[in-house]
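Only one structure is covered here, and it is reproduced in the block below.
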Amino acid sequence: MRIDILTIFPGMLEAPFEHSIIKRAKEKGLAEIHLHDIREYANNKHRRVDDYPYGGGSGMVMMIQPIADCIEQLKSQRDYDEIIFTTPDGEVFNQNKANYLSTLTNIMMLCGHYKGIDERIRENYITREISIGDYVLSGGELATAVITDSIVRLLPGVLGDETSALSDSFQNSLLSPPVYTRPYDYKGLKVPNILLSGDDKKIDDWRFQKSLERTRLRRPDLFDEE
Ligand code: ADE
């Protein structure tokens, strides 16, 4: 999979992909992540990327020209399955959407800023608008990092244990059960004995019951999802 990210702050997106699982996915050649600095496409003297809104009002708006030129250049090199804009007024992201995006080959992601981006970009280039939750970030970079992380870890071969993404919370519309590791007894705090029983069937049943219990208590809304 190839992901192209368009941003005016590429530095904000360097660190998140230089560690752990995403770093390994890149090293194994399973994911390519390319950052593009929108400012480099601005055709004006001061490399401005924003301007005042038509009709007045507060806040600046990201201009169409630098973004359109950057998108056009990338599109001339390959076909994109989705061109995503991260924005608080988009469809709310979830595991089903991560699963779908992880099946694609080429994704472009545009990070917004200021008051917004010129609507003509959204109307003419963007295929999907995604929010990571009902709160407002200072820009789309962190949202893009979250979405990218959730997609790349799902790519076949990225996680060492092929089954471990399948047992994540949300993959079956349930939260994950609790997990424990050594020591068995930490200052009197003990691990549930069933996990030491060696009986795989009983352990699976226990985990499933714990998942149900936890979901019922914390996220009963998940039972209503399709
Ligand atoms: N940009 C600002 N806030 C955002 C959010 N909640 N989701 C996605 N992009 C955003």
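Remember, it's 1-based here, ligands and their atoms both numbered in the order they're listed. For the single chain, residues carry numbers from 1 onward in sequence order.
The protein non-hydrogen atom at the shortest distance from atom 6 (N) of ligand 1 is Tyr135 O, 2.8 Å. Of the protein's non-hydrogen atoms, the one nearest atom 9 (N) of ligand 1 is Thr87 N, 3.2 Å. Ranking protein heavy atoms by distance to atom 10 (C) of ligand 1, first place goes to Pro88 CD, 3.6 Å.
Closest heavy-atom approach to atom 7 (N) of ligand 1 among the candidates Thr144, Leu137, Ile147, Ile132: Ile132.
Under the 30°/60° scheme for interplanar angles, the aromatic rings of Tyr180 and Trp206 are found to be tilted.
Around atom CZ of Arg39, more than 12 heavy atoms belonging to other residues, nucleotides or ligands sit under 6.0 Å away.
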Full working for side chain to side chain contact (heavy atoms under 4.5 Å, CB included) between Leu212 and Thr215: CA-CA 5 Å; Leu212 286 175; Thr215 309; 5.9 Å; no
Side chain to side chain donor-acceptor pair (under 3.5 Å) between Thr87 and Glu129, worked out: CA-CA 6 Å; Thr87 174; Glu129 303 193 327; 5.9 Å; no
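What you find for Ile107 and Tyr80 is that their closest heavy atoms are C-CD2, 3.7 Å.
Ligand 1 places these atoms under 4.0 Å from at least one heavy atom of Gly133: 6 (N). Within ligand 1, counting atoms from 1 as listed, the ones closer than 4.0 Å to a heavy atom of Ile130 are 8 (C).
Tyr100 and Phe85 fall within the same hydrophobic cluster, where Ile, Leu, Val, Met, Phe, Trp and Tyr residues are linked whenever their side-chain heavy atoms come under 4.5 Å apart, directly or through other members.
The closest approach between a heavy atom of Gly139 and any atom of ligand 1 is below 4.0 Å.
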